[in-house]
Amino acid sequence: MPGRTRIRLVEPADAAPLAAHRARDVELFRRWEPAQPPALLTAEGQAERIDRLLAGHRAGTVWPGVVLADGEVIGQVTVGGVLPQPHLRRGSLGYWITGTAQNRGHAGRAVGLALRVMAEELGLHRAEASTNLENLPSQRVLRRNGFSPYGVAHSAILLDGRWQDSLLWERILGD
Ligand SMILES: CC(C)(COP(=O)(O)OP(=O)(O)OC[C@H]1O[C@@H](n2cnc3c(N)ncnc32)[C@H](O)[C@@H]1OP(=O)(O)O)[C@@H](O)C(=O)NCCC(=O)NCCS
């Protein structure tokens, strides 16, 4: 049911569910995401991170969101690296959905909602993202939202103990 997915800015009260998901998903995410510092597997560590993210939001460099399904926090969607200068106006999307909620279309819909935030709230012109070359679910999410691959960054991210290439994605949002 498409209406079930929502996104909103992260809040201090999200620390506990985010930490619980992160702790449960360590093995599942090992292939796809850099290892989380141990502190982020605790509610206290997540609370400090949320404070930093909200400071970044006030400074205009990041839009840190959570993804909700039926009102429950199930993941995050973040617009990072925001460059608001009139000649750039771009930002980079990152996202994850906890294992128990995957493959129900939540990431696809959350990315669609985040693109609206980027265009309408942040006034951005260009959205970027990157995926592992083998992360087919993430690539599906981006393609479904109108992204195209435009290149490969070599040896770009240390994942699962190995420097790996990243596939680079872009979507033009409008004038
Ligand atoms: C990538 C991720 C965000 C997708 O979340 P999700 O809510 O399951 O995504 P959706 O349900 O919206 O879409 C998943 C798509 O992948 C497809 N898919 C699932 N498993 C697949 C597989 N093994 N091979 C190919 N496609 C696959 C689904 O069919 C669906 O495609 P469709 O839209 O054509 O039907 C989630 O798997 C995740 O958090 N992974 C770990 C962290 C991560 O990879 N983050 C992104 C880093 S770039």
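Whatever order the structure lists them in is the order used to number ligands and atoms, beginning at 1. In this chain, numbering begins with 1 at the start of the sequence shown.
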Any donor-acceptor pair under 3.5 Å from [X] side chain to [Y] backbone:
X      : Y      : answer
His21  : Val73  : yes
Arg49  : Leu40  : no
Ser138 : Asn135 : no
Thr5   : His106 : no
Gln102 : Ile97  : yes
Arg171 : Asn145 : yes
Glu128 : Gly91  : no
Asp25  : Leu28  : no
Thr98  : Ala101 : no

Is there a nitrogen or oxygen of [X] sitting under 3.5 Å from a nitrogen or oxygen of ligand 1?
X      : value
Asn135 : yes
Tyr95  : yes
Gly105 : yes
Arg140 : yes
Ala107 : yes

I need the atoms of ligand 1 closer than 4.0 Å to a non-hydrogen atom of [X], numbered in the order shown.
X      : answer
Val141 : 9 (O), 12 (O), 13 (O)
Trp96  : 39 (O)
Trp32  : 44 (O)
Arg104 : 11 (O)
Phe29  : 39 (O), 41 (C)
Ser130 : 48 (S)

[atom] [closest protein heavy-atom partner, distance rounded to 0.1 Å]:
atom                    : value
atom 24 (N) of ligand 1 : Leu136 CB, 3.9 Å
atom 20 (N) of ligand 1 : Pro137 CG, 3.6 Å
atom 35 (O) of ligand 1 : Arg144 NH2, 4.6 Å
atom 12 (O) of ligand 1 : Gly108 N, 2.9 Å
atom 36 (C) of ligand 1 : Gln102 NE2, 3.6 Å
atom 39 (O) of ligand 1 : Ile97 N, 2.8 Å

Please check if a non-hydrogen protein atom sits closer than 4.0 Å to [atom].
atom                    : value
atom 8 (O) of ligand 1  : yes
atom 29 (O) of ligand 1 : no
atom 32 (P) of ligand 1 : yes

So is Arg109 actually on top of Tyr95's ring, under 6.0 Å and inside 45° of the axis?
no
For the residue pair Arg143 and Trp169, would you count it as a cation-pi contact if the rule is NZ or CZ under 6.0 angstrom from the ring centre and within 45 degrees of the ring axis?
no
Shortest non-hydrogen contact from Arg31 to Leu159?
O-CD1, 3.6 Å
Per atom 18 (N) of ligand 1, closest listed option by heavy atom (Asn103, Asp25, Val67)
Asn103
Once you restrict to heavy atoms under 4.0 Å, what part of Asn132 touches ligand 1? Side chain, backbone, both or neither.
neither
Checking contacts here: is it the side chain or the backbone of Ala129 that comes within 4.0 Å of ligand 1, counting heavy atoms only? Could be both or neither.
neither
Is there a heavy atom of Gly75 sitting under 4.0 angstrom from any atom of ligand 1?
no
Between the CG atom in Leu53 and the OG1 atom in Thr78, the distance rounded to the nearest 0.5 Å is 6.5 Å
CH2 of Trp32 to CD of Glu134: how many Å apart, nearest 0.5 Å?
6.0 Å
